[in-house]
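Down below is the structure, laid out as structure tokens.
Everything numeric here is computed off the predicted structure, so don't read it as measured data. Hydrogens, waters and symmetry mates are skipped; everything else that's a heavy atom, side chains included, is used. Per chain, numbering begins at 1; letters A, B, ... match sequence-line order.
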Amino acid sequence: MTFIGKIWNVVRREVRIWVRRPVYIVGSVFVMAFCTVFYLTFLRDGVPSDVPIAVVDLDNSSTSREFCRQLDATQLGRVVRYDDFAPARADMQGGRVTSVCVIPDGFNRDIQAQRQPTVSIYINGLYFLGGSLAWKDLLTMVNLTGGAVQREVLRMQGVPESSIMGLLRPVDIDVHQIGNPTMNYGAYLANMMIPGMLQMVVIILLIYSLGTELKYGTGRHLLQSVDGDIYAAVSGKMALYTVLFTLIGWTIEVILYKWMHFPLAGRLGQMLLACFLLVLASEAVAVFIIGLVPVCRFALSIGALYSVLGLSLTGFTLPVEAMPAGLRGLALMYPLRYYYGMYVQVGVFGSGFGQWFFYVVMLMLFCFLPFLVMRRLGHAYEYLDYERN
Amino acid sequence: MKETYVKSWLKDALGIFNLELGRLLRDGGVMIIFIVAGFLYPILYNFVYRNGVLEDTPIAVVDDAGCTDSRRMIREMDATREIEIAYRCTDMEEARELFRDRRVNGIIYFPSDFGDRLANKETAVFSIYADMSSFLYYKNLLMGSEFVMLNEINGIKVERYRFDGLTDQQADASVNTVLYDDVNPYNRAFSYSIFLISAILMLIIQQVMFYGMSMSVGTMREENRSFASLPDTLRGRGVGRVVLGRGAVYWLIFMVIGIYVTTIVPAMFGFPQRGSFRDIMTLLAIFVTVCVFFCMTWSTLVTRRESAFILFLFMSPVCIFLTGCSWPTTAFPAFWKWFSYLFPSTFGCQAFIDLNTAGADLEIVAPQLKALCLQGMVYFALACGAVYVENFVLKRKGRIDEVRREVEGRIERRIGAEKIQI
């Protein structure tokens, strides 16, 4: 039997298993579909709007009311009025409002008399995005209020309109957000969360597929179908799962960059390559884990622990530089880390081959992992001399 | 001697409790999940997010202005916590090169007319280019340069007003017409770890219990037993005994893990612990109870030992988002808002964040506690229902077999009878 023939045998055998046990298709297609729908619909607004901001207006003057109206009119904020500080603080502590803004008594009077009233701003930084956005919104509004007052004063002094802006705002920043110009939080997270879930699903499902042969003692049957060639057995399984997961992954990439139009500076083909290599490298990790620990349950537990931590260790939320030194080394052990590196080069900078080939090489290096454990896995299939459960 | 209802109830529940406890203790796989995941995961996550704050993001500067103002601003930016001026480049091309090699995560550019515009009392603009591959790079670059800009604006404005003949105090009063005091009392530095770990800790309890219980249920199913078998003497009654007897085992184990996770782990890592111990224990007791019924309900769907990993592992990150700790709950699409009500973690995490990290009291988290209690009642009913259905099916399976045998027998006899007739 040729090598290709053996692989064909394994593929046919695996497809029969899929038909008998729907968990494989549910665990791959359904799970990935759910994740894609979740991350794309949950964060569909890109930037949250109308986060609740509590305002305790102790002044109730025309200026303070105008301040509230303006704050309410911003896209980010929605004003919730309170008469007293205590209930506002309680609601902030309970996470029902993101921040509290206290306008002091005599706010208007003090502004008119140039006595510099102080607005107090309290933020709940535990609800991260809501808190930081409310903070930004409030600071902008306070600065604008100050600016409006100054403008009136300057106008009264007879300063020409053309030079007022220079006096009000002598320095300004022109902000360029490279790779995500609209600051779309959904694009930022979905770009990495969904491939992260793909890595997780590939690892778990392939470990399970290889592990059940051990658990139900069908390893020998698998080997018989390939004349005892463990390389053909594993390659056959990997071939089928590579096709399945690459198709899923490519569908996702097309949805992200063609359908949702998330920013992509480089070419889609390069992301498809990255996705294919991510699938391959994750499969290699799965084979390595089950080969190292040829007990289905143990291998799955290790795979689960490994892949869940991978989402954090990739460093697309909290960058790896901010992690303790020991964990930076651990971060190198994840295919997703290199996928992320490639995404940054392709998606954010639109760089050429010279900039991203390193990540391709690293992802390909993962593919050598299975060779280290192949004999061990073959032995386990042949003799089934490990604990089954 | 006739036993009272209460006495027999307790006896049966205790019997089921002992049975389940023995089963769990003998199952190495489940114990490993409970111990390794329950005890190790909180520590691992604390390590990953230990620093929590990204400091000194490397930035390249291109200073085409070369005036005293731009040089001073660059020095001030370098001095902020957020930014480190790692490279001073002669032109944008050089900076872009460093940016692409990821040696810097942002560029600050002062155009050549920056100094002139300041001297002419116009608005001088400088540009920043932020790497959006992680929002924290952007946040650092923006905050660092904005702090410096606001500070500079004040200085420059005061200077200009003084130039117009105002005294220092008059100038300050005209520039800073409204002052503000901003406080971020619960998370002073907007630390990534403080907001995320608070949510993760509670979620770990729910997820570990779910995987453990599913594994145990799956094992029994594989061995052709059922998690729901009622004591024979009860003749089909006593669903509550099974649910509460079994639940008590998990409740006890997870109260231990829960106390460790909610009080010892934060103390180990110097995490804020502002709530009172009594309040946190109250929350924990309610949360663990709801989790037990939640896990009992959903684990009935699991037919094999390992299925839970394949079918539900992806829910852990989803649950984190559903707690609302990052994306605010007010911005949830309606469907996902309702979906989040399915999980005890949604309310449990929120209540824990408020109690432990924000130092609230039980009165403030009352809405979450009420929601948890309601959830607990619904899931208790569902868990009972699941046991009832399981028993119903099991019993009917026996009956179905009986009926089938009877029918077969009748047909045989009929055929036999017909044979005789012939």
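Between A:Tyr188 and B:Phe135, the ring planes are parallel. Angles under 30° get that label, and only those over 60° would be called perpendicular. By the 30° and 60° cut-offs, the orientation of the rings of B:Tyr192 relative to A:Phe128 is perpendicular.
Here A:Gln157 pairs with A:Val153, A:Leu154, A:Val159 under the side chain to side chain contact (heavy atoms under 4.5 Å, CB included) rule; sequence neighbours left out.
Using a 4.5 Å cut-off between heavy atoms, B:Tyr138 contacts chain A through its side chain alone, with no backbone atom that close. At a 4.5 Å heavy-atom cutoff, the contact between A:Phe38 and chain B is made by backbone and side-chain atoms alike. For A:Met197, the part lying under 4.5 angstrom from a heavy atom of chain B is the side chain only. With a 4.5 angstrom heavy-atom cutoff, A:Gln114 touches chain B via backbone and side-chain atoms both.
Contact annotation: the side chain of B:Phe126 approaches that of A:Ile173 to within less than 4.5 Å [non-hydrogen atoms, C-beta and beyond].
The residues B:Glu222 and A:Lys215 are annotated as salt-bridged, a charged nitrogen and a carboxylate oxygen being separated by less than 4.0 angstrom.
In this structure, B:Phe332 has its ring center closer than 6.0 angstrom to the ring center of A:Phe42.
In summary, the side chains of B:Asn187 and A:Tyr127 do not present any donor paired with an acceptor at a separation below 3.5 Å, with no hydrogens or angles considered.
A side chain to side chain donor-acceptor pair (under 3.5 Å) check over residues 317-334 of chain B, counting only residues at least two apart or in different chains, returns nothing.
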